[in-house]
Structure formats: C-alpha cells, structure tokens
Amino acid sequence: MGQRVAIIGAGMTKFVRRAQETGKELAWQAAKAALDSCGLTLKDIDCVSLGTAPDAFDGVHMKGEYLSDGSGGWRKPYIRHFVGGGTGVFAPIHGWFHVASGVFDTCLVVCSEKMSSCHPHPQGAFKTIFDHTTEQPLDPTLIWIFALEYNRYMQTYGISKRDIALVSVKNKKNAMDHPAAQLPMEITVDDVLNSELLAWPVNRLDISPASDGAAAIVLAGERTARRLTDKPVWIEGVGWNLDTAYWATRDLSYPRYVEKAARMAYEMAGIKEPKKEIEIAEPYDPFTYKELHHMEGLLLADRGEAPQLLVDGVTQRDGDRPMCPSGGALGVGNPISATGLMKVIEIFLQLRGEAGKRQVPGNPTCGLAQAWGDLMQVGTVIVLKNR
Amino acid sequence: MELEKLKMGATPLKETDVKEGKVLSLAMTPDLSYAWDNGVAIGRYLEELKNGRIIARKCNKCNRIMLPPRMFCELCWRATDEWVYCKDTGTVNTFSICYVNWDASRIPPGQPPHIPAVIHVDGASHFMGILHVLGEVDPDDVKIGMKVKAVWKKPEEREGSITDIMYWKPLRPAKSKKATGRR
Ligand SMILES: [Zn+2]
C-alpha cells in the first residue's frame, strides 16, 4: 500500500424535501464547507471524486459532468462513481483509492443529490431499475422489494413489526440533535404502526423520505494529514461486494453481500471481533428493518438477534453498541448518495469527540459506516479509527 | 469542527413557493421511447409463456435449473446446457399487500391492493424465485409457504409477456378465515 489515508475535514448542507438550490449549488456549499473546515482551498486539492445516484432523478444525462463545477472538479483529475444507494459509503472508498495508491496526496470527495426534480415522485424513476422484460410489465414499485424482504426477514426469525418499528422511533429521536435533519421527531411505536400502510409490512414511518442535500469530506495522505490536523481520522478498512441481480433468487432474510463487504474491511483493519471492536456504527437505514438486517450482515449482531439488542437499548446512543447516532436516513433524511457520506461524517465527528449533543459516551476509537444499494444487492463498508 | 457551528446550505422550498411564483421553476417531460430486444434466453422464455408453459435453463456443471433462463451460468461462468420445462405451480417465499402504485399514487379506497410475491416455481432449483402477483385470494389469507398455481390468459390473448400469467392463485382454497400471514 502506498500510504495511510485520513479524513481531515467535512461539510454538508441541510437535508430538505425540496431545496431552492440546484444539485451543483448544493455540491458547492458542502464542498466549500469541507475545505473551510480544514483550512484548505481548492488549490490544495489534487483530485476530486464525485458520488451521485441515478441520472433519472434529475432528468440530467451524465450527471457527473453536470455536477463537476460545483464539486470543484474542473481542471483536475475528476471522476464520478455510482453504485446506487451504496454510493455514499463507496465515495470515501473511491477517494481512498486515489490517495492510498500514492498517486495523489489530497482528494475532495463530494456527494450531491437532488431527488425533488422528479415528478410526481422520484419513486416513479425507480421503476426502471427492475428488469424491463420480466418485471416491469408487472408495474412494480420500489417499495415491493423492501416489503418482500422485510416480510421474509420477519418470517425467518419470528420478529414482530412492533420491534422493528422501534428503529424509526430511535433514529428520528436521535435526529433531533442533528442540525441538518429533515425529519427529526419524537414518536412512539404506535405512531409508526398507525401511520399510513403503504405496502404491508411497510408503513409510512418505516421509510426514509426523499430529500435534496449534499455532503463532502477531504482526504489526505499520512504526512499531509498530520501536518494539517491534530485529529486525523484514519480509513483503516474498506470493503464492497455485489450479489446476484436476480434478486428474487436470493435468501432475502440475510444480506450476504454486506457480510462479504464487512469481512473485507475487517480483515484490512485487523478487526477480529467486530462486536467488541466496532464501538459505534452507522448502518444504512432507508427502511426500519434495514438497520437490523445490516447489523446482522455486518456481524454486529447474530442472525435474527438485532431486534432484541434494539429492544434492550443496546443500540441507543448511551448503549453498548450505538447504531445511527446521527439519526440516520430515517431521521436526517435520505438524499441517496449524500446520506452515506453523512454517515461517514458522523463517525468522523464521533471519533473526534465533535458530535455535540449527539456525542456517544466513552470516547470511541473505532467506528463503521455502511451503505447498500443497486438492486438491493451491493454492500459498501468503511472502518474508521482515530489512532 | 462541529456541524452545529456550520452555516449550512440548502434552502427548503414549499410546493406553494413554486406555485405562487416566489421562485421560478422549469418543467419538462422527456419524450423518449425504447424497444428492448428480448435476447436468446428471455426470448424463448416469453415464447413459452405464450404457449402457457414456463421454461428454465440448466447448467450441467452446478446442476442448477435457472429461472429466469439464461444462456450462461453466472456462477460457473460457462454456457448453459439445456432447456427444462417447469410446472406452473410454486410456493410463496414472501409477499406484500401493497396500496401504492408504481408512481407513488394510492389505490383508491375499496379497490383491491396489489399482492406482489416472490414465487419459487416447482421444477426449478431451490431458491429460484420470480417476482409476480397473487390473485383470487383474500389478502388476509396469504401466507408464506402457501402453494400457488398460475392463472393464464386465454391462449388467443397471450402476447409473449410475463403478464400472460395474470396472477397466481392458491392451489387450495383457504381453510379458515382466521388463517393469516400478517403478524
Ligand atoms: Zn453452473
């Protein structure tokens, strides 16, 4: 490996249902804030990596080019990457390639998303992720595959909707302390169960919102990082993995692709006992059950046992294994690619002791962020340490 | 750094801000159309659906009988070997009761919900599921593990599409009104 890589700065916009700003204006706001946070200017940046989700949201072809000026990409080595919902956590991995290889010393990583341009609802754009010949004629909605997976997960382990609904209660409450949050609220399990039934077992409050927003981080090689900050947060492990796109042929009760991605990241980071060594995590939670499903894939809970940890309070901010202390996609909002990077930023801040009211006790030293996407089958994982 | 000290961008807009002209917005509906070639494997799959049959493709190395059929085995990374007919019965692996249409509009009250399901088709390998929908069943009677049978369009109405199967119905009528697949 060429060199160790640290996150040295971060910035983001608020997450909102519909922003006045364009995607490139949002990208600019987040990227500028990230550079300001570590006292750098664009001149100090060797290369730029952009993550953004489907072009169909924006109705703009080649969104990488469209967002390139706001991302600070002109007259620099610049590239866009995209793995659906997994993009936001793949973003720092992609930036890490650039710096870890030794080819570059600094990299600006930007994720910008504008879902509100798609009318009447960005859900319509998701129809085209289904196979055009064997699935689209059935008029599927994206919620189908989540409802089907959710039901299979409950059935396999005998889990109740009531236990799963608690994820929404926890995350939306955590989001009350996040200054960018779109849906912070104090609710009860009954509020979730009584919210509009969209596709049983999925109720409205089981789902994260559609959002506009952007996030950015600055990466640097070891020597530069130590020169620029007293508190570098090191990227110690990265992993990503893709399972079959014949999604109906998968074991829907277990995210094997997340486990494979996690094992890759753990091996690189020298983590042997994830349940003990990963002190804090931001698993991807676009739907309530996904936080639990992903905890199991990340080997942070035994199969089918994540709901019990939730019920026992283990995953609360003051519990032994805090999950989504930011408020997650359910609470902060879900501008797809920016959500994953928001999660990385949360772990970065937590490991620096700079998470304000969201700070978990115990001075954590090792944390993880994870995202998931494509046709429900890509897992992206990053392990961060503060020493 | 702390997010609390950051002056954050993203100015929230309300629907009325646009309607009342407080901010300007441009609308466009792309006029595009596509024709997708069905390919070799799915082409045959659709032809057989038109005949009222479900056909799969077998790999003689891993012995998987695969649905939907494919001309290469993605695990063995070799050409598949033979066509195999499946039955038009199967088992519900998971299902949902859906009150939302594909464009996020809602099903009007009183109208039946969509019941999408992953169906493991008899004659294909274990775990070879396809996405389809259930019908002729009370949503409260649907259960995981339920045996189902394809209900086909009339031969003259079939067009070589996955929708030549209108839906799948329970192989046996529900025994008890109490039986429920919903927790
Ligand atoms: Zn094979």
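By convention in this document, chain letters (A, B, ...) are assigned in the order of the sequence lines, proteins followed by strands, and residues within each chain are numbered from 1. Model, not experiment: these values are computed from the prediction.
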The interface call for A:Pro137 against chain B, heavy-atom contacts under 4.5 Å, is both
Determine whether more than 12 heavy atoms belonging to other residues, nucleotides or ligands lie under 6.0 Å from atom OH of B:Tyr85.
yes
Given B:Gly9, B:Pro68, B:Pro12, the one with more heavy-atom pairs under 4.5 angstrom with chain A than any other is B:Gly9
Looking at B:Glu74 and B:Arg64, is there a salt bridge between them, counting it only when a charged N and a carboxylate O are closer than 4.0 Å? yes
Closest non-hydrogen contact found for B:Asn63 with B:Ser125 is O-OG, 4.0 Å
The interface call for A:Leu26 against chain B, heavy-atom contacts under 4.5 Å, is side chain
Turns out that what part of B:Ser25 lies under 4.5 Å from chain A's heavy atoms comes down to side chain
### Task
Output, in order, the C-alpha distance, side-chain angles, deciding distance and verdict of salt bridge (Lys or Arg N to Asp or Glu O under 4.0 Å) for A:Lys357 and B:Glu4.
CA-CA 9 Å; A:Lys357 281 199 255 173; B:Glu4 286 72 8; over 6 Å; no
* Do B:Trp102 and B:His114 touch side chain to side chain, with heavy atoms closer than 4.5 Å? -> no
Do A:Gln155 and B:Thr94 come close enough that some side-chain heavy atom pair is under 4.5 Å? no
When the 4.5 angstrom heavy-atom criterion is applied to A:Asp139 and chain B, the contacting part is both
Scored by heavy-atom pairs under 4.5 Å with chain A, the best of B:Ala27, B:Ser96, B:Pro113, B:Ala124 is B:Ser96
Applying a strict 4.5 Å limit to non-hydrogen atoms, the region of B:Ala117 in contact with chain A is backbone
When the 4.5 angstrom heavy-atom criterion is applied to A:Asp177 and chain B, the contacting part is backbone
Under 4.5 Å to a heavy atom of chain A? For B:Asn101 that would be backbone
Interface check, chain B: of A:Leu148, A:Thr141, A:Val16, most non-hydrogen pairs under 4.5 Å belong to A:Leu148
Name the orientation class of the two ring planes belonging to A:Phe287 and A:Phe146 (parallel below 30°, tilted from 30 to 60°, perpendicular beyond 60°). tilted
NE2 of B:His120 to CG of B:Asn93, rounded to nearest 0.5 Å, is 3.5 Å
If one checks every heavy atom of A:Gln20 against chain B at 4.5 Å, the contacting part turns out to be both
When the 4.5 angstrom heavy-atom criterion is applied to A:Trp247 and chain B, the contacting part is side chain
Note: vs chain B, highest number of non-hydrogen pairs under 4.5 angstrom among A:Ala10, A:Ala30, A:Gly9 is A:Ala10
Chain A shares the most heavy-atom pairs under 4.5 Å, among B:Leu6, B:Val118, B:Leu3, B:Leu46, with B:Leu3
Applying a strict 4.5 Å limit to non-hydrogen atoms, the region of A:Arg358 in contact with chain B is side chain
Okay, A:Gln182 and chain B: the region with an atom under 4.5 Å from a heavy atom over there is neither
By side chain to side chain contact (heavy atoms under 4.5 Å, CB included), B:Ala150 pairs with (sequence neighbours left out) B:Asp88, B:Trp152, B:Ile165, B:Trp168
* **Evaluation steps, salt bridge (Lys or Arg N to Asp or Glu O under 4.0 Å), between B:Glu20 and B:Lys22** => CA-CA 6 Å; B:Glu20 292 165 9; B:Lys22 286 184 192 157; 3.3 Å; yes
Answer key: most heavy-atom pairs under 4.5 Å with chain A among B:Lys5, B:Arg70, B:Lys14, B:His126 is B:Arg70
* SB check A:Lys127 B:Asp103 (cutoff 4.0 Å) -> no
When the 4.5 angstrom heavy-atom criterion is applied to B:Thr11 and chain A, the contacting part is both
If you apply the rule ring pair (Phe, Tyr, Trp, His ring centres under 6.0 Å), what do you find for A:Phe130 with A:Trp144, and how did you get there?
CA-CA 11 Å; A:Phe130 288 91; A:Trp144 281 14; 7.3 Å; no
If you tally heavy-atom pairs under 4.5 Å between each of B:Ile115, B:Val133, B:Ile162 and chain A, the highest tally belongs to B:Ile162
Between the CD atom in B:Glu2 and the OG atom in A:Ser37, the distance rounded to the nearest 0.5 Å is 12.0 Å
Ranking A:Lys231, A:His121, A:Arg152 by heavy-atom pairs under 4.5 Å to chain B gives rank one to A:Arg152
Turns out that what part of B:Leu75 lies under 4.5 Å from chain A's heavy atoms comes down to neither
If one checks every heavy atom of B:Ile130 against chain A at 4.5 Å, the contacting part turns out to be backbone
The complete set of side-chain hydrogen bond (donor to acceptor under 3.5 Å, both in side chains) pairs with one or both residues in residues 26-37 of chain B, sequence neighbours excluded, reads none
Review point. With the threshold set at 4.0 Å, does a side-chain nitrogen-carboxylate oxygen contact exist between B:Asp81 and B:Lys58?
Key: no
Okay, A:Lys14 and chain B: the region with an atom under 4.5 Å from a heavy atom over there is both
Applying a strict 4.5 Å limit to non-hydrogen atoms, the region of A:Gln359 in contact with chain B is neither
If one checks every heavy atom of A:Phe348 against chain B at 4.5 Å, the contacting part turns out to be side chain
Cut-off 4.5 Å, heavy atoms of chain A, and the answer for B:Leu131 is both
When the 4.5 angstrom heavy-atom criterion is applied to B:Pro30 and chain A, the contacting part is neither
CG of B:Leu49 to OG1 of B:Thr163, rounded to nearest 0.5 Å, is 9.0 Å
The interface call for B:Val23 against chain A, heavy-atom contacts under 4.5 Å, is side chain
